[in-house]
*Asks:* 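Quick one: the structure is below, and I'll ask about it shortly.
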Amino acid sequence: STVLNSTRQWQDEDRDHHLHPFTDINVLKKKGARMITRGEGVYLWDSEGEKIIDGMAGLWCVGLGYGRKELSAAAARQMDQLAYYNTFFQTSTMPATELSGLLAEVTPEGFNHVFYGCSGSESNDTVVRLVWRYWDMRGKPGKKTIIGRINGYHGSTLAGASLGGMGFMHAQGPLPLPGFVHIEQPHWYVNGGDLSPAEYGLKAARALEEKIAELGAETIGAFIGEPIQGAGGVIVPPETYWPEIERICRANDILLISDEVICGFGRTGNWFGCETFGFEPDIMTMAKGMSSGYAPISGVMVKDHIVETIGDGGEFAHGYTYSGHPVSCAVALANITILKDEKIIDIVRTDTGPYFQKRLGEFADHPLIGEVRGKGLVGAVQIARDKKSRALFDDVGRVGGICRDHCFENGLIMRASGDSMLLSPPLVVTRAEIDEMMDKARMCLDLTARDVGLS
Ligand SMILES: Cc1ncc(COP(=O)(O)O)c(CNc2cccc(C(=O)O)c2)c1O
């Protein structure tokens, strides 16, 4: 191919051939892609030599930070040894087997079996297949509907997009597919009205009870939720929410699914978000932090009683060519081993997480910020037009976009979702690096406040 050695040339080549995810093609064609060339720790560099502090750990996934040689060495070793073999036809490979045992060890009690994929979306498709098969085997084939939340995000396959409650995705095609319904999200700032967060948490959870009553428990197979809705804007539910959701699921004999793609592997200060929020799911989806993003891998942890029930039905006719890919498994194995050995999640829970939340909390007094949300090393500041009434700006998303662009121009990656600014740094972030992120974030919020006349 042509030798490309200037940013302009890279951008032209990319413009001519590369369709990017969740991207307005014509906007990008005009702008040209920013070519990211290198990563080290919590920093990235682009093709112009600009250094950027990555407040988003890639896409919520690079837990160990960039440049960990143990992971690249594990990949190279496995690739040289056995770059690929499948786990169909009663075969397995050492990394897939070893990783499965390690996952049984680090996940909550009762999760002893994992089904692999390459992405969170694929694993949520697996969840749907498992739920449908489980109720068939339980002799209740009517229980096929799955309930999710408005503004939840569970991926971009047909099932992932249907499990999710993102209206702008559903608007592009006949989505959600039949059998996927949604209840309100536990977003106190927008939906809580005069209720206290504790009261609102119960009210939002009881929307599930109402939906079940409306549709009939005999038609509902499962409820799925992210402990904290990530892409939806780091929506941290009130403490009362998840225990009430669990109670309602048990009372109506529906499976409880925790989508841990973002909250899993230490993000909230425990290994999994369901541990932080105090509920025990029947199924857990995992991806992202499972390999620190160094290689694509995802998985579904399945409680024993579900494995046994499905096992009674002969071959479960589902799976992917790369389910249990040996190189991805070797990378995930090295990643999780480091998380364990270096006690990184304990440090998040006891040191850097509380420090991050303290620094984030300082934004509560910023003229542009109505609410600060977060847990462990994930957080959001909610941009509001009027702090007293909690009113947002009319064209939600515009001001967040202004702030995001200020960040990118000032060497900080901070995600904008609606008018919430999100941070989810690598789990290895230090206090000094947290300070650097927060100082840049404050400067960009100040610039944004000036732009919208709220300074
Ligand atoms: C909770 C959850 N579940 C499933 C998926 C889908 O995973 P895959 O993308 O690997 O198929 C996700 C992914 N989350 C995700 C993916 C891409 C962008 C952003 C963003 O916040 O901009 C978030 C996620 O956050």
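The chain is numbered in sequence order, starting from 1. One-based numbering, in listed order, for ligands and for the atoms of each.
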*Asks:* Considering only the protein, which heavy-atom contact is closest to atom 17 (C) of ligand 1, and what is its distance?
*Replies:*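 Its nearest protein heavy-atom neighbour is L59 CD1, 3.7 Å.
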*Asks:* Of all the non-hydrogen atoms in the protein, which one sits nearest to atom 16 (C) of ligand 1, and at what distance?
*Replies:*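 Protein heavy atom at minimum distance: K288 NZ, 3.5 Å.
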*Asks:* Looking only at distances, please establish whether an N/O atom of ligand 1 is found under 3.5 Å from an N/O atom of D259.
*Replies:*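 It does: an N or O of D259 is found under 3.5 Å from an N or O of ligand 1.
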*Asks:* Aromatic rings W132 and F180: how do their planes relate, parallel, tilted or perpendicular, breaks at 30° and 60°?
*Replies:*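 Plane angle between 30° and 60°, so tilted.
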*Asks:* Does F22 have a non-hydrogen atom less than 4.0 Å from ligand 1?
*Replies:*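 No, F22 has no heavy atoms under 4.0 Å from ligand 1.
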*Asks:* Salt bridge or not for R247 and E209, using N-O below 4.0 Å?
*Replies:*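 Counted as a salt bridge, because a side-chain N and a carboxylate O are separated by less than 4.0 Å.
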*Asks:* Between E105 and K340, is there a side-chain N and carboxylate O pair less than 4.0 Å apart?
*Replies:*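 Salt bridge: yes.
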*Asks:* Salt bridge check, R359 against D439: does any charged N sit closer than 4.0 Å to a carboxylate O?
*Replies:*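 Salt bridge between D439 and R359, a charged N being under 4.0 Å from a carboxylate O: yes.
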*Asks:* Would you mind checking which non-hydrogen protein atom is closest to atom 11 (O) of ligand 1, with the distance to 0.1 Å?
*Replies:*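 The answer is S121 OG, 2.6 Å.
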*Asks:* Quick one: look up the protein heavy atom nearest atom 22 (O) of ligand 1 and list residue, atom name and how far away it is.
*Replies:*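 The closest one turns out to be R415 NE, 2.6 Å.
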*Asks:* Purely on distance, is any nitrogen or oxygen of V261 under 3.5 Å from one on ligand 1?
*Replies:*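 Not met; the criterion fails.
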*Asks:* Do N335 and S291 get their side chains close enough for a donor-acceptor pair, meaning under 3.5 Å?
*Replies:*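 Short answer, no.
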*Asks:* What atoms in ligand 1 come closer than 4.0 Å to a heavy atom of N124?
*Replies:*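 In order of number, 3 (N), 4 (C).
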*Asks:* With a 4.0 Å cut-off, would you call E226 and K288 a salt bridge?
*Replies:*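 Judged by the 4.0 Å cut-off on N to carboxylate O distance, E226 and K288 do not form a salt bridge.
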*Asks:* In the protein, what heavy atom is nearest to atom 8 (P) of ligand 1, and what distance, to one decimal place, separates them?
*Replies:*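 Among all protein heavy atoms, the one nearest atom 8 (P) of ligand 1 is G120 N, 3.5 Å.
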*Asks:* Please list, in number order, the atoms of ligand 1 under 4.0 Å from a heavy atom of G155.
*Replies:*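 Within the 4.0 Å cut-off of G155, ligand 1 contributes 4 (C), 5 (C), 6 (C).
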*Asks:* Looking at atom 2 (C) of ligand 1, what's its closest protein heavy atom, distance included?
*Replies:*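 It is Y153 O, 3.3 Å.
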*Asks:* Any nitrogen or oxygen of W60, side chain or backbone, less than 3.5 Å from one on ligand 1?
*Replies:*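 Min N/O separation from ligand 1 is below 3.5 Å for W60.
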*Asks:* Between R206 and E210, is the closest basic N to carboxylate O distance under 4.0 Å?
*Replies:*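 Salt bridge: no.
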*Asks:* Rounded to the nearest 0.5 Å, what separation is found between the SG atom of C118 and the NE2 atom of H325?
*Replies:*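 Between atom SG of C118 and atom NE2 of H325 there are 7.5 Å.
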*Asks:* Considering only heavy atoms of I262, which atoms of ligand 1 have at least one such atom less than 4.0 Å away?
*Replies:*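 Near I262, meaning under 4.0 Å from one of its heavy atoms, ligand 1 has 25 (O).
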